[in-house]
Trainee: 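Let me begin by handing over the structure; questions about it come next.
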Amino acid sequence: MTPVHFSFSSAFMLGLMGLTFHRTHLLSALLCLEGMMLSLFIALSLWSPQLESTTYATAPMLLLAFSACEAGAGLALLVATTRTHGTDHLQNLNLLQC
């Protein structure tokens with residue numbers, strides 16, 4: 001495993017560990033998801049030139065577009081949750097109640 005691959009896989013794993021272990025606030029969970037998506041974007045951007053194929057060139061841009069949509073939807077949920085519940089703590093949210 002090259003150092004570049006190791007750094008991107010460790011960045012993804014750090015984001016995943018932050019999502020699973022330190023999820024007290026919704027904002028921190030969204031930041032961990034965004035870090036995971038950005039590490040995937042950079043890894044795909046470096047992977048497509050290594051294959052020397054033009055068919056994989058659109059995959060990083062598609063992933064970046066989905067990541068931007070995910071960030072926008074996450075921030076909208078954060079604002080709606082803060083307005084209705086008064087906080088963004090994930091322990092106070094009960095998905096079974098309206």
Side-chain angles (χ1 to χ4, degrees):
M1 179 178 268
T2 63
V4 174
H5 289 114
F6 177 73
S7 64
F8 291 125
S9 63
S10 64
F12 183 80
M13 291 304 291
L14 281 174
L16 186 64
M17 285 178 15
L19 185 64
T20 55
F21 295 132
H22 303 291
R23 53 179 189 186
T24 57
H25 294 277
L26 182 59
L27 184 61
S28 65
L30 290 175
L31 283 174
C32 289
L33 280 174
E34 193 65 30
M36 289 169 57
M37 291 297 283
L38 286 177
S39 68
L40 282 176
F41 169 72
I42 294 172
L44 274 176
S45 296
L46 292 177
W47 181 54
S48 60
Q50 286 178 353
L51 292 178
E52 296 176 358
S53 177
T54 58
T55 58
Y56 297 111
T58 58
M61 295 307 288
L62 195 65
L63 183 72
L64 191 62
F66 284 134
S67 177
C69 292
E70 175 256 334
L75 286 177
L77 284 173
L78 177 70
V79 168
T81 302
T82 305
R83 283 185 181 171
T84 57
H85 295 288
T87 183
D88 68 335
H89 285 267
L90 291 176
Q91 292 176 344
N92 295 340
L93 299 179
N94 190 358
L95 297 178
L96 299 177
Q97 290 179 342
C98 292

Trainee: Any side-chain heavy-atom pair from Phe8 and Leu40 closer than 4.5 angstrom?
Mentor: no
Trainee: What heavy-atom pair brings Asp88 and Leu27 nearest, and what distance separates the two atoms?
Mentor: OD2-N, 3.6 Å
Trainee: Using the rule that Ile, Leu, Val, Met, Phe, Trp and Tyr join whenever any side-chain heavy atoms are under 4.5 Å apart, tell me whether Leu33 and Leu14 fall into a single cluster.
Mentor: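 Hydrophobic grouping puts Leu33 apart from Leu14.
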Trainee: Quick one: OG on Ser10 to NE2 on His5, what's the gap to the nearest 0.5 Å?
Mentor: 12.5 Å
Trainee: Would Val4 and Leu44 show up in the same hydrophobic cluster when neighbours are defined by side-chain heavy atoms closer than 4.5 Å?
Mentor: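 Yes, same cluster.
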Trainee: Quick one: pull up NE2 in His89 and OG1 in Thr81 and give me the separation to the nearest 0.5 Å.
Mentor: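 Output value for this atom pair is 12.5 Å.
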Trainee: Does Met17 offer a backbone N or O that forms a donor-acceptor pair with the side chain of Thr20 under 3.5 Å?
Mentor: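 Checked: pair present.
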Trainee: Restricting to non-hydrogen atoms, name the atom on Leu19 and the atom on Cys32 that form the minimum distance, rounded to 0.1 Å.
Mentor: N-SG, 3.7 Å
Trainee: Hey, what do you get for CE (Met61) to OG (Ser67), rounding to the nearest 0.5 Å?
Mentor: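 It is 11.5 Å, given to the nearest 0.5 Å.
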Trainee: Can you find a side-chain donor-acceptor pair between His25 and Ser28 that sits under 3.5 Å?
Mentor: no
Trainee: Kindly work out whether a path of hydrophobic side-chain contacts (I/L/V/M/F/W/Y, heavy atoms less than 4.5 Å apart) joins Val79 to Leu75.
Mentor: no
Trainee: Count I, L, V, M, F, W, Y as connected when their side-chain heavy atoms are under 4.5 Å apart, and connections chain through other members. Are Leu38 and Leu16 then in the same cluster?
Mentor: no
Trainee: Residues in side chain to side chain contact (heavy atoms under 4.5 Å, CB included) with His22, at least two apart?
Mentor: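 Expected list: none.
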Trainee: Check whether Leu63 and Trp47 end up in the same hydrophobic cluster, where Ile, Leu, Val, Met, Phe, Trp and Tyr are linked by side-chain heavy atoms less than 4.5 Å apart.
Mentor: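 As far as the 4.5 Å side-chain criterion goes, Trp47 and Leu63 are connected within one cluster.
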Trainee: Compare all side-chain heavy atoms of Thr87 with those of Thr82 and state whether any distance is below 4.5 angstrom.
Mentor: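 The answer is no, as the side chains (C-beta and beyond) never meet within the 4.5 Å cut-off.
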Trainee: So which residues get pulled into Phe66's cluster when ILVMFWY side chains under 4.5 Å apart are joined, directly or through others?
Mentor: Leu62
Trainee: Quick one, Leu90 and Thr24 - any side-chain contact, counting heavy atoms below 4.5 Å?
Mentor: no
